[in-house]
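Take a look at the structure set out below.
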Amino acid sequence: MTRILQKNQIKEAAEILKQGGTVIFPTETVYGLGAVFNHEEALQKVFLAKGRPQDNPLILHIYDKRQVDEIVEEVPTGAYKLMKRFWPGPLTLIMKKKKDVSSTISGGLSTIALRMPSNQIALELLKEVNIPLAAPSANRSGRPSPTSEAHLEEMQGRVDAILLGGDTDIGIESTVLDLTKNPPLLLRPGKVSLEELEEVLGKVEVYQGKGEGEASPGLRYLHYAPTTPVVVLQGTEDKIIEFIKQNEENNVYLVTEEVYDQCGDKSCVLFYPKNDLDHAAREYFRLLRSLDQQRYAIIYVTEISKTGFGRAIMDRIHRSSGYQFRRLE
Ligand code: TXA
Ligand code: MG
């Protein structure tokens, strides 16, 4: 049985966690599936509920910078600068872990991922529990991360409680930065952009996917995969419009910015409002899930510029497509 808790029931949620239970809670990025970091059985329940491979490590969530010293062996100077500027907020830092931090959380690695969320419910919960919470995104492994209360349906019966918090604000997961590498390595782009990180740290390397398998175990697995296949369209605006017209009769669902003005028929749905990346991010996983329920044959997405927050959005789009491209020539 999964208890459904409202935001005025944070104390109940905290009690369940302290007793080794699992609780889904909102963060500013996506919903997380939490367990206290010092309870082996509770941690195992998290992997089980998600169907997550044991070698894919979890992120630890804290509410107070002083908790960093409980967890991290060496805090590099760059980390303090980043925490000052971006915490609480959507930035996860990977540092060397203390030996007594369970290797269940780190998936057997000697490093640990850490973040301080800015969502008020999350912060209040973390404060009430007063023990760091290990929390991956609260989806079944491989599914898009949950950004709405309705997305938590698939976790019913798999967790002890769900603490409701409405739609999440950012809509895609935190930026993950490995500070044990020199220069630091951006493993997962997010709302905190490469450009912002470089303002603070100088040079930051970007993880290039395939080949560097050990960097972040999570990157090895197919992610954000909706049931409906996603294909990324590449080509000029003219080619894309031509493509839509040819496909009108097949009820193609198009998620695109470029064709905003030209798109008048119902088979073409407008998703990226021009210049509003925040909206695009907030809506992308929601869109994938809602399309799954409508049984479209295919979802086409067009590319956007990989600068600033665009890098993170394109990352999720590419991954949800399983790197399926269609070049229009
Ligand atoms: O926004 C977020 O980060 C959300 C909310 C709930 O905080 N959490 C989240 O967790 O997205 P998860 O588990 O879905 O993604 C964590 C990513 C995975 O790709 C994992 O492999 C990577 O971070 N990761 C965790 N610890 C790591 C480590 N020690 N070294 C390298 N990668 C690590
Ligand atoms: Mg995840």
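Every number for a ligand or one of its atoms is a count from 1 in the order of the listing. This chain uses plain numbering: 1 for the first residue, then up along the sequence.
Counting backbone and side-chain atoms alike, S145 contributes no N/O/S atom closer than 2.8 Å to the Mg ion (ligand 2).
Not a single heavy atom of K97 sits under 4.0 Å from any atom of ligand 1.
In the model, Y63 has a side-chain atom that pairs as donor or acceptor with a side-chain atom of N130 under 3.5 Å. Residues S148 and R286 have side chains that bring a donor and an acceptor to within less than 3.5 angstrom of each other.
Considering each of P57, G190, S145, the one bringing a non-hydrogen atom nearest atom 25 (C) of ligand 1 is P57. For atom 21 (O) of ligand 1, the nearest non-hydrogen atom from the set I24, I172, T27, N56 belongs to N56. When the heavy-atom distances from atom 15 (O) of ligand 1 to M116, E173, R115, R188 are ranked, the shortest goes to R188.
Under the ring pair (Phe, Tyr, Trp, His ring centres under 6.0 Å) criterion, Y80 pairs with no residue, sequence neighbours left out. Annotation: ring pair (Phe, Tyr, Trp, His ring centres under 6.0 Å) contacts of H318 (sequence neighbours excluded): F325.
Residue contact check: I94 has heavy atoms under 4.0 Å from atoms 27 (C), 28 (C), 30 (N), 31 (C), 32 (N), 33 (C) of ligand 1. Counting atoms of ligand 1 from 1 in the listed order, those under 4.0 Å from a heavy atom of T111 are 28 (C), 29 (N), 30 (N). Listed by atom number, the atoms of ligand 1 under 4.0 Å from S174 heavy atoms are 1 (O), 2 (C), 3 (O). Per-residue contacts place I59 under 4.0 angstrom from the following atoms of ligand 1 (heavy atoms of the residue considered): 3 (O), 8 (N), 9 (C), 10 (O), 16 (C). Interface atoms of ligand 1 facing P136, defined by a heavy-atom separation under 4.0 Å, are 10 (O), 12 (P), 13 (O). Heavy-atom contacts of L109 reach the following atoms of ligand 1: 28 (C), 29 (N), 30 (N) (cutoff under 4.0 Å).
Ligand 1 has a nitrogen or oxygen under 3.5 angstrom from a nitrogen or oxygen of T29.
For K181 (side chain) and L185 (main-chain N/O), no donor-acceptor pair under 3.5 Å exists by modelled atom type.
Within the 4.0 Å heavy-atom criterion, neither part of E28 lies near ligand 1.
Of the listed residues (T27, L91, I59), just one forms a side-chain contact (heavy atoms from CB on, under 4.5 Å) with S174, and that residue is I59.
Contact of the T175 side chain with the T92 side chain is not registered, since no non-hydrogen atoms from C-beta on lie closer than 4.5 Å.
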